[in-house]
Every structure is written in structure tokens, then in C-alpha cells.
Protein chains: 2
Amino acid sequence: MTKHHPELSLLFHALADPTRRSILTRLAGQPARVTDLSEPTGLRLPTVMRHLSVLEAAGLIATVKDGRVRTCAIVPDALEPARTWLDEQRSIWEARLDRLEALAMQAMKERTE
Amino acid sequence: MTKHHPELSLLFHALADPTRRSILTRLAGQPARVTDLSEPTGLRLPTVMRHLSVLEAAGLIATVKDGRVRTCAIVPDALEPARTWLDEQRSIWEARLDRLEALAMQAMKERTE
DNA sequence: ATGATAGTTAGCAATATGACTAAGCATCAT
DNA sequence: ATGATGCTTAGTCATATTGCTAACTATCAT
């Protein structure tokens, strides 16, 4: 157990920044050039580039350069590992709750005997 | 749009660290003392404390001190905001895919005319 | 060929992160 | 009352993050 999941770390880290999340939601609407992403955020181009490379390293976006224009788009399935992990945890955490409940019922039962 | 979600940032940031994820899965099994969490990770107590305070700030765990022992436990619903955000994104991203698909079909249709 | 446009690279500054040691404080057991 | 135990605080260190400016490269339009 306790596996290393560098992929998950990259993903969650990428999602932890509000600027990057807003870039993602922007790209969810439609692909965009780097400059298009710079304007609404009010950030300079190099700063946006940094965020894009973090997103790309996490597999959340893909980019292609055509002439001097780089176009960025979301990678639809990229969120799956995060979702999967959250779901796994939820089921484990719920199982724990069920056990607690069972213990509580056992305790009540014993008290009435 | 483009709301600030400090809560989400804290959550994702907390989940981005493998040590913290392993602490969470450890706690999912059963509550534990700080020392119990220190041993398997091989980290010193102050380091574990730091991670615990990050987890607590994100609302992922709750701790109580009884005598000199602090007991840590997961907060079952704490992952919900993350799950909700991921689900929202997925539905938006999928809607975008549907639109792309519609466009592609339109293009094919026009080509055959 | 010149200038404007789009992106990139390099480097800086402030702050945050993640680990540690050393020392302190508050119990608990004897 | 004393020592061991469990946590806490303070302070250090190395590295990473997030923003910037300035200077560079590559393309496109004229």
C-alpha cells in the first residue's frame, strides 16, 4: 500500500491554484491562444506560460504551435485519476463509518442486556 | 464566473502531497495519535505536525487532545467540494465534446452534399 | 526588408513548502 | 518529586512557487 502516485500529486498540485482552475474553465469553453488566456487573467505572458506548462505536465491540457500561435486545449480524460482516487477514498471512509455504526449498535445492544 | 474558491485551493493543495495522502488513507482505517502517524512515514514529529495542520486547515481531518495525546480522525464529508468541482468540470468538458462531435458530423454531412 | 505580432528564455524578488534539530511544556507512572 | 512520554514551538536550511521585466526568436503582413 501507500503507493507513490506522482501523477496524482501533479494533478492535485495543478488544480490547487485558482489561476490554473480559471484557465481550465476558460479552455473548457473552447481552445485558446496563449494571449487569449493572458488577457482575462491580467497576467503577463511568461506567467501564463508557466501555468500552462504546469497544466501540461499534469496532462490536463495539450498545446500545438501553428506558425507563431500556440493553441491550448483541455484533455478531456485528464481528471479521471483524481476522480477515481476521490471515489476510492470515499468508499473507504464510508466503510469506516459503517463499522463505527456497527460498533455503536453493538454497544447499545450490550447495554440493554 | 471565475470565482475565488480558497476552500478548493486548500483542499487540492492538501491532497497534492503524497505524505499527506498516505496519512489520510492511514486515518481512513482508524483514528491515530500523532506518534502513530510519525512512525510509518519515517518523519519527525514536527514535520508530521505540519502536515496535520495543513490537513486540518483544509478541513480533511479533525483532532482532539486528551491529556497529552492528540488523536486525529478524518472528516468524512471533506472531500465533497473537490468531488463536486471535478464533476462540474467533467460535465462541462463533456458538453464541449458533444459540441465538437456535432460540428464534425455537420462537416461530414456538408461534405457529402 | 521592416515592423508588428506571438511566443519564448533568462533572470530576479518575495513568499511558501517541507524537512530538520533543539529546546520547551504538559501529562502520566512510579 | 522525578523521569519518561507526547506533543509543541522556534528557528534553520534548501528548494519550489508565483509573479515580474527585459531581451530574444520566429513568423506574418506590407
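Every chain is numbered from 1, with letters handed out A, B, ... down the list of sequences.
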Asks: Send over the distance from A:L55 CG to D:dT18 P, rounded to a whole Å.
Replies: 10 Å

Asks: Looking at A:R21 and A:L15, would you say the former's side chain and the latter's main chain have a donor-acceptor pair under 3.5 Å?
Replies: yes

Asks: OP1, OP2 of D:dG6 versus side-chain N and O of B:T35: anything below 4.0 Å?
Replies: no

Asks: Working to the nearest 0.5 Å, report the span between CG of B:L11 and CD of B:E80.
Replies: 10.5 Å

Asks: Send over the distance from A:H51 NE2 to D:dT18 P, rounded to a whole Å.
Replies: 6 Å

Asks: Report the C-alpha distance between A:Q89 and B:R83 in whole Å, list the side-chain angles of each, state the deciding distance to 0.1 Å, and finish with yes or no for side-chain contact (heavy atoms from CB on, under 4.5 Å).
Replies: CA-CA 11 Å; A:Q89 293 304 312; B:R83 254 189 65 81; over 6 Å; no

Asks: Indicate yes or no: at least one non-hydrogen side-chain atom of B:D66 is less than 4.5 angstrom from one of B:T71.
Replies: no

Asks: Whole angstroms only, please: what is the NE2-C1' distance between B:H13 and C:dT17?
Replies: 7 Å

Asks: Roughly, in whole Å, what's the span from CZ in B:R21 to P in C:dG18?
Replies: 12 Å

Asks: Any side-chain N or O of B:T47 below 4.0 angstrom from OP1/OP2 of C:dG18?
Replies: no

Asks: In terms of the nearest nucleotide of DNA chain C, which residue is placed more toward the 5' end: A:R50 or A:R70?
Replies: A:R70

Asks: Kindly say if A:R33 contacts the phosphate of C:dA6, meaning a side-chain N or O under 4.0 Å from OP1 or OP2.
Replies: yes

Asks: Quick check on DNA chain C: between A:P46 and A:R68, whose nearest nucleotide comes earlier from the 5' end?
Replies: A:R68

Asks: Please give, in whole Å, the distance from D:dG6 P to B:D66 CG?
Replies: 14 Å

Asks: Specify the separation, in whole Å, of atom CZ of B:F12 and atom C1' of C:dA16.
Replies: 20 Å

Asks: Please compare A:K65 and A:D17 by the position of their nearest nucleotide in DNA chain D and report the one closer to 5'.
Replies: A:D17

Asks: Between A:R26 and A:D36, is there a side-chain heavy-atom distance shorter than 4.5 Å?
Replies: yes

Asks: Rounded to whole angstroms, how far apart are CZ on A:R44 and P on C:dG7?
Replies: 15 Å

Asks: Provide, to the nearest angstrom, the distance between the CE atom belonging to B:M49 and the P atom belonging to C:dG24.
Replies: 18 Å

Asks: From the list D:dT18, D:dG6, C:dT8, which nucleotide is the closest neighbour of the side chain of A:L45?
Replies: C:dT8

